[in-house]
Novice: 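Below is the structure I would like to discuss, written out as structure tokens.
Chain letters run A, B, ... following the sequence lines, proteins first and then strands; every chain starts at 1.
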Amino acid sequence: MKLTGLTHSTLCLAITLASLSAVAGVTDQDISDSGKRNDQIVVNGLNQAGQRYSTLDTLNTSNVKELRPVWALSFGGEKQRGQQAQPMIKDGVMYVTASYSRVFAADARTGKKLWQYDARLPDGIMPCCDVINRGVALYGDLVIFGTLDAKLVALNKDTGKVVWKKTVADYKAGYSISAAPLIAKGKLITGVAGGEFGVVGKIEAYDPSNGELLWTRPTVEGNMGYVYKDGKAVENGISGGAPGKTWPGDLWKTGGAAPWLGGFYDPTTDSLLFGTGNPSPWNSHLRPGDNLFSSSRLALNPEDGSIKWHFQTTPHDGWDFDGVNELVSFDYQDGGKTIKAAATADRNGFFYVLDRTNGKFIRGFPFVDKITWAKGLDKDGRPIYDDAHRPGEPGAEKKGTSVFVAPSFLGGKNWMPMAYSQDTGLFYVPSNEWGMDMWNEGVTYKKGAAYLGAGFTIKPLNEDYIGVLRAIDPKTGKEVWRYKNYAPLWGGVLATKGNLVFTGNPEGYLMAFDAKTGEKLYQFNTGSGVIASPVTWEMDGEQYVTVLSGWGGAVPLWGGEVAKRIKDLDQGGMIWTFKLPKELVAKH
Amino acid sequence: MWWNSVLLALLLTSAAHASPGKDPMPSVMWQFYQQKMLGDKPFVFDDKVVLQAPPFAEDSRQVPIQVDARAYAGQVEKIIAWAELNPIPRIFSFEPGPQVQPLLAIRIRVEQATPIRAAVLTKDGVWHVGSAWVEAAGGGCTAPSVVRAQEGWEERLGQIHAARFIHGNDSRLRLRVDHPMDNGMVGGVPEFYLDQAQLRDEQGQVLANIELFPAVAENPVISLEVQGHDQARLWLRDNSGNEFEGEF
């Protein structure tokens, strides 16, 4: 920008000053090293594989009972809704998101708030399942997150001021963003939410420095992908090759399959690993066929977004088994051979182990106690349906036959991410035991209106618990231990080299378990439900643990009979940070 | 080092020479704002900086003011304005380039009866301060936004109504932009206001820079005067990163 006769531009000056005062921000090297470095947390999932595993062992099974809260910070205001973010830590500063598209930066040592950004949301936002957000991406001097009105916002990490803002999709058509964006090979990657409104799911890459669109990949078969060169869209192939192969008529134009939970980048196969959600509408009789690429796991080329492989967990999904669940990379030994695997615990109740080099099914097994909709998986991992448990076609009636299905549409496991311990080789899966009565109804697409064509009511399967934290061996399908929880579990899990597993519950407790035995060793009541993902890091030679507290999310909105179990849980909005004081490490 | 001393001597001389004169306002806050806004630069109370404002704010949320420093045309580096007794006092900071007159009209909010100040920094390093007094019933800054109470305000966000009025060799450019200008003082409503503006010519070159603060009224109305009748655009950006542009 050329200035004509002005001594300086206040705008340019402000930006120069901000960058001069800044400590070097997050680099590609920081992101590659995320699995090794314990002094900072710069990726969602703690390492690039998304394992939520920390190599810290200062805090361990023998001293975890000495864990102490050191500070708490309230998100304030009247906006006490579900808090689901994973905190990020860089250079002694913690960056988290809160409900209603807010971002907070706090001093990681004291909890002093450094800045706060509140996105100005229009009245007409359409989040399906509470006004939550799952965290930021850090890159260079920027803190980047997605908003409920489907925009990406990049903030300066020192001031919280907006550097750039881009519209990803039209919120009036039902799009929103709740997942943390991902940085992969210098690109900013995001998905979108909106599967309840008949959107077309897509994964997109942006230039993190200025928010310019680099490529877009629709996740519904039949829609064209594009790469952008010098601001021009260049066709890059139709997803799935052509429309109409697995969808009837033009339903692919409103097919859903929203990649609403984000994804991970696997450097060992140079792939973006994303999950996709339910096909739209929920009523499966309206859309005969497999409905690609709904309820699938996708591997994308990060350079141009083309699909390398896909694995569909629930073809022709008729139960909102919205199989968006995270695909966690891990390696294991089999007869002296290293298997590059990836695991996912699906909403539909099955746990899958895939070959992450090609998406081939290695094995699968139920991880919940009761599955009615399928009799099992065939050799390729495709479900063997039990047609008695697909809700009936309404035909001329207003409602089709109602059936009982387990798991419920909120899933054997919902969004809450599992952890993988590199020491025990086990996955720690936050799951729920519930079923539903479900029936189908007629529905037609209308922009911005719910597009379900189904009704439902959720029921607990047991009197004394819904939530089950499970330790699962991915090689055998064996459940090594379980912890039962009265309310449904809705928070992420963390595993550490200290033989510990952390998670929270809606009752408000942050809990720590022995990773080998499942014995509960520690709990602390944070005052409101914990439905976020705990993290751990090291600062000044001490090990810290942080988790957000704040009840909300999808359960209180969709709960049915489950609502009785949660009616006394209260809302909140706090960051809680704990540490093991130095002198107590020595004692043990 | 000799030139440092010369510079210091020059500064001291000009400071010594400038006698600020008597404050025309019955102000309790002048010293505070002088230090905060003008720093240690010399200043004079100067009625050649014409600050026009209505004697009584009929609507405390929409008070029109105009700063006219054309008496110093060609010498102005920057104009800043504030309302002394507002909870958010700062109104704007304006840097007119050579083609733009040192004149700006805008609508502001006032919380109570207050002195309004416009300080004009000329190239010789002196601040020339114009003043006006506005009586008000009050509450303009802490009353809920009218814009936000309207159905579908976000549909109209950033709508621009712009016009050019020819004044001989000059053009007066007047623009209204629909924006709630939330100042963060109403419970549960975060700050959301236009904070940057630039007047640009057809080639995108910057003719003037304006920094805005949430003392500016909602649906801001801004008027500027430029030389000639060439096309111009006013670019605006809010603290949420939304960008808008109006053409004249």
Novice: Heavy-atom distances under 4.5 Å only: say whether D195(B) touches chain A with side chain, backbone, both or neither.
Specialist: neither
Novice: Please verify the inter-ring angle class for Y72(B) with H128(B); under 30° counts as parallel, over 60° as perpendicular, anything in between as tilted.
Specialist: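 Y72(B) and H128(B): tilted rings.
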Novice: Find the one option among G241(B), S240(B), P180(B) whose heavy-atom pairs under 4.5 Å with chain A are most numerous.
Specialist: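 Heavy-atom pairs under 4.5 Å are most numerous for S240(B).
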Novice: Measuring heavy-atom distances to chain B, does Y100(A) have an atom under 4.5 Å in its side chain, in its backbone, in both, or in neither?
Specialist: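 Looking at Y100(A), nothing touches chain B.
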Novice: Hey, are S549(A) and Q83(A) close enough side-chain-wise for a donor-acceptor pair under 3.5 Å?
Specialist: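 Short answer, no.
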Novice: Give, as side chain, backbone, both or neither, the part of L121(A) having an atom under 4.5 angstrom from any heavy atom of chain B.
Specialist: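 Backbone of L121(A) only, per the 4.5 Å heavy-atom cut-off to chain B.
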Novice: Taking side chain as everything from C-beta outward and backbone as N, CA, C, O, which of these in K172(A) sits under 4.5 Å from a heavy atom of chain B? Side chain, backbone, both or neither.
Specialist: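 Looking at K172(A), just its side chain touches chain B.
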Novice: More than 12 heavy atoms of other residues, nucleotides or ligands under 6.0 Å from CZ of R176(B): yes or no?
Specialist: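 Above 12, so yes.
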Novice: Got a salt bridge between E211(B) and K78(B), using NZ or NE/NH1/NH2 to carboxylate O under 4.0 Å?
Specialist: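 Answer for the salt bridge query: no.
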Novice: Please determine whether the number of non-hydrogen atoms from other residues, nucleotides or ligands lying under 6.0 Å from atom CG of N169(B) exceeds 12.
Specialist: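 No.
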Novice: Highest number of heavy-atom pairs under 4.5 Å with chain A: which of E243(B), E155(B), E191(B)?
Specialist: E155(B)
